[in-house]
Amino acid sequence: MAEVKYVFVTGGVTSSLGKGIISSSLAKLLQARGYSVTIQKIDPYINVDPGTLNPYEHGECYVTIDGAETDLDLGHYERFLNIPTSQANNITTGRIYKTVIEKERRGDYLGKTVQVIPHITDEIKRSIKDVGSKEKHDIVITEIGGTVGDIESLPYIEAVRQIRWELGIKNCIVIHLTLVPYLKASGEHKTKPTQHSVKNLLEAGIQPDILVLRAELELSQDIKEKVALFCNVEKEAVVQSADVSTIYEVPVKMLEEKLDETVLKKLQLSTKNYPHLKKWRDFLTKLKNPKKTVTIGLVGKYVELPDAYKSISESFIHAGAVNECKVNLELIHSEEVKEENASLLLEHLDGILVAPGFGSRGIEGKILAIRYARENNVPYLGICLGMQCAVIEFARNVLNFRGADSTEINTETAYPVIDLMEEQKSVVNKGGTMRLGSYDCKVHENSRVCDAYKKSDISERHRHRYEFNNKYLDDYVKSGMIPTGINPDANLIEIMEIPDHRWFVGVQFHPEYSSTVVNPHPLFIDFVKACCK
Ligand code: GLN
């Protein structure tokens with residue numbers, strides 16, 4: 001069997017240059033050429049996973065099919081490549097140290113002093129190589145989070161240096177992403193920050209093979225040549241990546257810049273199959289030429305940081321393109337929705353989505369927004385907490401259960417319509433202990449959701465501790481809120497619908513995690529369609 005080839009993507013100058021999008025775009029091009037590719041993200045923080053991080057700190061926590069709570073970049077990888085990722089695709093410093101310390105306690109290093117080099121770096125190398133060999137990929141792209149020169153990424157850079165030395169340059173290359181700022185005052189692009197960040201890498205023993213220069217505007221050939229000369233990189237290996245209107249344009253731009261071809265040549269792999277990207281380009285054409293516009297309100301409490309809802313906003317981009325419709329996603333702060341201003345804030349919307357979330361902050365605003373959607377026949381999609389809030393709203397305003405609530409918000413409520421799952425009651429640790437990952441769901445054949453999915457056996461990803469309290473099911477059914485999706489093994493209610501409403505669906509799972517460019521999610525497609533009417 002051919003050896004697995006490794007591509008490392010590092011970043012210099014600043015964070016947020018879009019390493020995840022460049023990695024995803026390169027992977028897309030290689031995949032379109034017929035290679036089996038996966039992408040892995042390394043996060044240099046000490047949390048074992050981002051599940052315990054506030055979305056304000058780190059954006060959305062993305063959940064894989066196997067139930068790993070991971071970095072939001074894995075969402076981009078899946079959306080671009082249309083193949084699932086798993087726990088192995090996200091390494092954190094916390095996870096590496098945890099494994100090494102467990103091994104030390106077990107006695108695996110008996111007699112030895114356990115050190116960053118070689119024990120931590122060996123564990124990093126093992127985790128990197130594991131993805132390629134276990135899943136049998138031709139190419140593994142590993143994105144190193146943070147910026148070169150950061151104290152916390154040093155062991156990773158050292159691991160890359162070692163892998164490169166062990167496998168040779170034809171099996172392992174480094175792409176370094178930097179920023180080339182434009183100085184208005186002098187009217188010039190400046191290459192010095194790039195030169196300095198390459199020096200940082202050189203100090204760590206790594207000569208980058210390819211440079212991707214991020215810039216606001218297009219770069220001149222002179223600038224590229226200057227960077228090539230001073231950074232000791234071939235001219236063809238200096239690639240520009242200027243800002244574009246949508247991240248989905250980046251694979252096409254990288255193809256124009258021949259990034260994939262340069263990578264393949266360096267890895268001594270065939271460049272025979274040209275990636276035409278037919279489906280991808282069709283998607284882009286639809287995305288850029290919408291025939292109509294709808295405005296959908298996303299009611300949530302983390303709206304100050306749009307990255308907190310990354311997968312939801314991307315799902316709307318995919319579903320919008322299918323419907324040839326531009327979705328204007330208006331982020332509405334749930335704490336700002338009050339009894340007296342609800343209609344003013346919501347009346348111009350074509351649809352309302354209440355977002356996932358935890359804790360009591362902003363809950364009442366979410367419930368008010370749902371009441372508005374239900375009473376005014378505005379299409380509504382509730383995701384996870386958004387479904388739970390719809391259940392609470394219905395209890396309070398239709399069933400007249402005064403003070404009905406989720407026990408997450410009020411443990412003393414007389415009507416705990418949403419309650420802690422049985423298996424959660426004994427859980428004390430917070431990290432990785434929710435109901436996580438994919439679970440099967442049986443969909444009611446005669447339902448809106450079944451029309452959308454066009455099938456009745458589905459499987460969707462979860463991330464929650466609370467559930468619908470089946471004790472109240474009859475009350476709901478009698479009054480017109482119907483369970484249309486049930487987990488066959490545990491009898492948990494996964495979907496609630498109001499059939500008499502134009503489009504009112506609450507789902508306990510997260511459809512947004514599985515929407516991709518090639519496979520937009522049916523629920524989002526159907527919801528946007530309903531909003532267009
Ligand atoms: N906080 C709720 C629960 O744990 C909802 C979680 C979510 O929206 N992801 O059940």
Side-chain angles (χ1 to χ4, degrees), residues 49-56 58-65 67-70 72 75 298-303 305 307-313 315 331 334-335 352-367 369-370 380-393 395 404-411 413 416-439 441 460-470 472 485 487 490 492-496 505-515 521 523:
D49 61 44
T52 51
L53 284 172
N54 188 315
Y56 286 130
H58 194 259
E60 163 189 288
C61 172
Y62 185 77
V63 178
T64 57
I65 288 176
E69 296 179 283
T70 70
L72 61 75
L298 182 156
V299 184
K301 66 172 171 177
Y302 306 113
V303 293
L305 186 79
D307 266 3
Y309 303 111
K310 196 78 209 164
S311 292
I312 294 179
S313 51
S315 300
L331 301 183
S334 49
E335 282 180 295
I352 295 177
L353 180 144
V354 168
F358 294 82
S360 59
R361 184 168 67 91
I363 282 284
E364 294 306 321
K366 290 182 174 175
I367 293 172
I370 296 167
Y380 174 73
L381 175 60
I383 299 182
C384 206
L385 182 64
M387 176 252 196
Q388 298 176 353
C389 286
V391 165
I392 298 169
E393 191 281 323
D405 222 324
S406 160
T407 52
E408 179 180 9
I409 317 295
N410 175 9
T411 47
T413 172
V417 288
I418 301 291
D419 200 5
L420 202 56
M421 280 182 276
E422 205 41 52
E423 66 265 30
Q424 284 288 330
K425 292 188 175 151
S426 55
V427 170
V428 278
N429 283 348
K430 290 279 182 261
T433 56
M434 281 186 251
R435 181 176 183 233
L436 289 166
S438 265
Y439 286 91
C441 175
E460 291 280 7
R461 304 182 205 186
H462 292 251
R463 182 174 187 244
H464 62 115
R465 293 186 201 281
Y466 293 81
E467 60 162 322
F468 178 82
N469 187 342
N470 276 324
Y472 299 102
N487 173 281
L492 297 177
I493 302 242
E494 313 281 34
I495 309 173
M496 280 297 229
V505 175
V507 289
Q508 185 57 79
F509 48 79
H510 292 263
E512 72 275 22
Y513 292 144
S514 45
S515 184
H521 197 285
L523 266 188

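Read the numbers this way: they start at 1 and go in the same order the structure lists the ligands and their atoms.
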Within the protein, flag every N or O under 3.5 Å from an N or O of ligand 1, and note the pair and distance.
unit_1, atom_1, unit_2, atom_2, d
ligand 1, 1 (N), G357, O, 3.0
ligand 1, 1 (N), E408, OE1, 2.7
ligand 1, 1 (N), E408, OE2, 3.0
ligand 1, 4 (O), R465, N, 2.9
ligand 1, 8 (O), G357, N, 3.0
ligand 1, 8 (O), G357, O, 3.4
ligand 1, 8 (O), L385, N, 3.0
ligand 1, 9 (N), R463, O, 2.9
ligand 1, 9 (N), H510, NE2, 3.3
ligand 1, 10 (O), Q388, NE2, 3.1
ligand 1, 10 (O), R465, N, 3.2
ligand 1, 10 (O), Y466, N, 2.9

Q) For the residue pair Y56 and Y302, is the inter-centroid distance of their aromatic rings smaller than 6.0 Å? A) yes

**Q.** Exercise: do S311 and E60 side chains pair donor with acceptor under 3.5 Å
**A.** yes

Q) Who passes side-chain hydrogen bond (donor to acceptor under 3.5 Å, both in side chains) against E423, sequence neighbours left out? A) none

Q.
Just by distance, no angles: are the side chains of Q388 and E467 close enough, under 3.5 Å, to form a donor-acceptor pair?
A. no

Q | N/O donor-acceptor pair under 3.5 Å between S515 side chain and E512 backbone | A | no

Q.
Salt bridge or not between E494 and R435? Use side-chain N to carboxylate O under 4.0 Å.
A. yes

